Amino acid sequence: MVLATALSPTVPTTVAINNNIQTTTHHHRLLHLLNQCTSMSHLKQIHAHTLRTTSTAHPHTLFLHTRILHFSSLHHLHYALLFFHTHIQNPNSFAWNTIIRACARSSHRKQEAILLYHNMLCEGNVVPDKHSFPFVLKACAYLFAISEGKQLHAHIFKLGLDSDVYINNSLIHLYGSCGRLEDARQVFDEMPERSVVSWNVMIESLVQLNEFDDALMCFREMQESFEADGFAIQSILRACAGLGALSLGMWAHAYVLRRCSPELAHDVLVNNYLLEMYCKCGSLESAEFVFERMVKRDVTTWNTMIHGFAMHGRVLPALEYLKRMVDSGGLTPNSITFSGVLSACRHGGMVSEGRNYFNLMTTRYGIEPVLEHYGCLVDLLARAGLIVEALDVVSNMPIKPDGVIWRSILDACSKTGVGMEVSEEMAKRVMESEEGSGAYVLLSRVYAVARKWDEVGAVRKVMVDKGVAKEPGCSSIEIDGVTHEFFAGENEMSLSQI
DNA sequence: CTAGGGTTAG
């Protein structure tokens, strides 16, 4: 609104300032320079020149400043923020939106977008407009700032912007990424007008929260009014991967090849999702087929294949992919690559290879092992009966071991009959050192493995007395409206009704 | 000036 006034022809076009520059022409010249500006140093020159030769009273100056703000935010956000705070005296909503957008798009200053929105309200003379909200909501979605998001939603109602498609799409995205499916759904259901983005965000939200069936239902409904695009296809492929829905996945694949643009069919991201879908659905041949025809591959492409083959026990092909990846050059294996490689070794019981790859990862590639890597290595060693070496790894690792690691050692102990005393001792030590219920579960497991049922009972009693009955290591299932619990550490399957 | 991919590990 303010911007429209500033640019309207009723504004005098020949206001002269003391150095006799015809200012409107001057503003246009500066604007032209700005549009061609590519470097930060050039931008700083224009900035200095603008401050020297333009009057802040001139209605075009704010527009010019906002352009500087925009261009500098693309190169140097800190500079842009400084510029905003020191040189823009009375920002209009356009100027506010520009700086808020810059922060919302940056990787490290998202929270500043929300703060700036707050400042805009506090200044009191500017009202946020329909452009403001998508930016701030995006920042909220990233930060899981649901409480701020709710307040923004209230502001949106108050300002009568609740039928705007862009804003509603942003709201669905916010609620979806914060796990508030009911809220996302409500916005989606009640919005008066939907674009293809509305459907895509709703479907993506459902997929993210593992509501795969609902996602597919939503997708079918969408097709009554819109053509599926690349975004929708990606969500659908992930839903298929989650459900193991091979035939629908194949349909999506055919759709990509037949109905979408050639660029999309060659898109790395889309193809990576295709690989994942085929791998998760157990069709490794189709994954290979897609993989071999990909014109461009990234690290994720290779990782997906390595994991896919490892997951299905196809150990040698998985390791072969690593070799090909390294040989083809250009791409460096990362942490996830090695988690797949180690998991392949574990599946194949390849102890020395596993050790070698673990060393290769740390020494050659400088990758800091995380719990998953240690977990694979420990499990690999323990399964091979190398309990002492496995324990050695655990005691030397810089990360606190979790229940999964302990359990893999205990599993190995119970299967091989080795190291029973060690594990009992170890479980006791863990129990002494930490106050969680996990240690009790662990200890009762050790006793159960050792068939020392009296001790199992004693530990259970301590747990009940201390009120740690709701321990992890227990899963539940609802059958005919009745909840059943399965306790870890019991060899025979038992069903205890609660 | 506005909305949607942070894809891969268990």
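All values derive from a computational prediction rather than experimental measurement.
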Between [Y] and [X], is there a salt bridge with N-O shorter than 4.0 Å?
X       : Y       : answer
R324(A) : E288(A) : no
E276(A) : R238(A) : no
D267(A) : K296(A) : no

Measure centre to centre between the rings of [X] and [Y], then say whether the value is under 6.0 Å.
X       : Y       : result
F358(A) : F338(A) : no
Y117(A) : F135(A) : no
F219(A) : W199(A) : no

Distance in angstrom units between [X] [atom1] and [N] [atom2], rounded:
X       : N      : atom1 : atom2 : value
L380(A) : dA9(B) : CG    : P     : 21 Å
F231(A) : dG4(B) : CZ    : P     : 8 Å
Y175(A) : dA3(B) : OH    : P     : 19 Å
Q208(A) : dG4(B) : CD    : C1'   : 11 Å
I156(A) : dA3(B) : CD1   : C1'   : 12 Å
I203(A) : dG5(B) : CD1   : P     : 12 Å
L331(A) : dT7(B) : CG    : C1'   : 15 Å
L161(A) : dA3(B) : CG    : C1'   : 14 Å

Quick one: label [X] by what it contacts on the DNA or RNA (base, sugar-phosphate, nothing), any heavy atom closer than 4.0 Å.
X       : result
T301(A) : nothing
D229(A) : base
E372(A) : base

State, with a plain yes or no, whether a side-chain heavy atom of D162(A) is found less than 4.5 Å away from one of H153(A).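 Sidechains of H153(A) and D162(A): no contact.
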Once ring-ring contact (aromatic ring centres under 6.0 Å, His included) is applied, do any residues pair with H65(A), and if so which ones, sequence neighbours excluded?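 Applying ring-ring contact (aromatic ring centres under 6.0 Å, His included) to H65(A) gives F83(A).
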So, is K138(A) close to the dT2(B) phosphate, meaning a side-chain N or O under 4.0 Å from OP1 or OP2?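 For K138(A), the contact criterion (side-chain N or O under 4.0 Å from OP1 or OP2 of dT2(B)) is not met.
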For the atom pair CZ (R297(A)) and CG (N303(A)), what is the distance rounded to the nearest 0.5 Å?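 Reported value, rounded in 0.5 Å steps: 13.5 Å.
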Candidates [options] - which lies nearest the side chain of [X]:
X       : options                 : value
Y273(A) : dG5(B), dC1(B), dT7(B)  : dT7(B)
R105(A) : dG5(B), dG10(B), dA3(B) : dA3(B)
N334(A) : dT8(B), dA9(B), dT2(B)  : dT8(B)

So which of [range] are in contact with DNA chain B, with a heavy-atom cut-off of under 4.0 Å?
range                       : answer
residues 248-270 of chain A : L269(A)
residues 126-136 of chain A : D129(A), K130(A), H131(A), P134(A), F135(A)
residues 162-174 of chain A : Y166(A), N169(A), S170(A), H173(A)
residues 302-322 of chain A : N303(A), H307(A)

Check the side chains of E204(A) and S235(A) for a donor-acceptor pair under 3.5 angstrom, ignoring hydrogens and angles.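 Looking only at side-chain atoms, E204(A) and S235(A) do form a donor-acceptor pair, the distance falling under 3.5 Å.
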Heavy-atom pair with the smallest gap, counting every atom of [X] and [Y]:
X       : Y       : value
I236(A) : A215(A) : CD1-O, 4.4 Å
P369(A) : M361(A) : CB-CE, 3.7 Å
A232(A) : M222(A) : CB-CE, 4.1 Å
V126(A) : P91(A)  : CG2-O, 3.3 Å

What residue pairs, at least two apart or across chains, pass ring-ring contact (aromatic ring centres under 6.0 Å, His included) with a residue in residues 256-283 of chain A?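 Sorted pair list: H253(A)-Y278(A).
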Side-chain donor/acceptor contact of N272(A) with base of dG5(B) under 3.5 Å: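 Per atom types, no contact qualifies.
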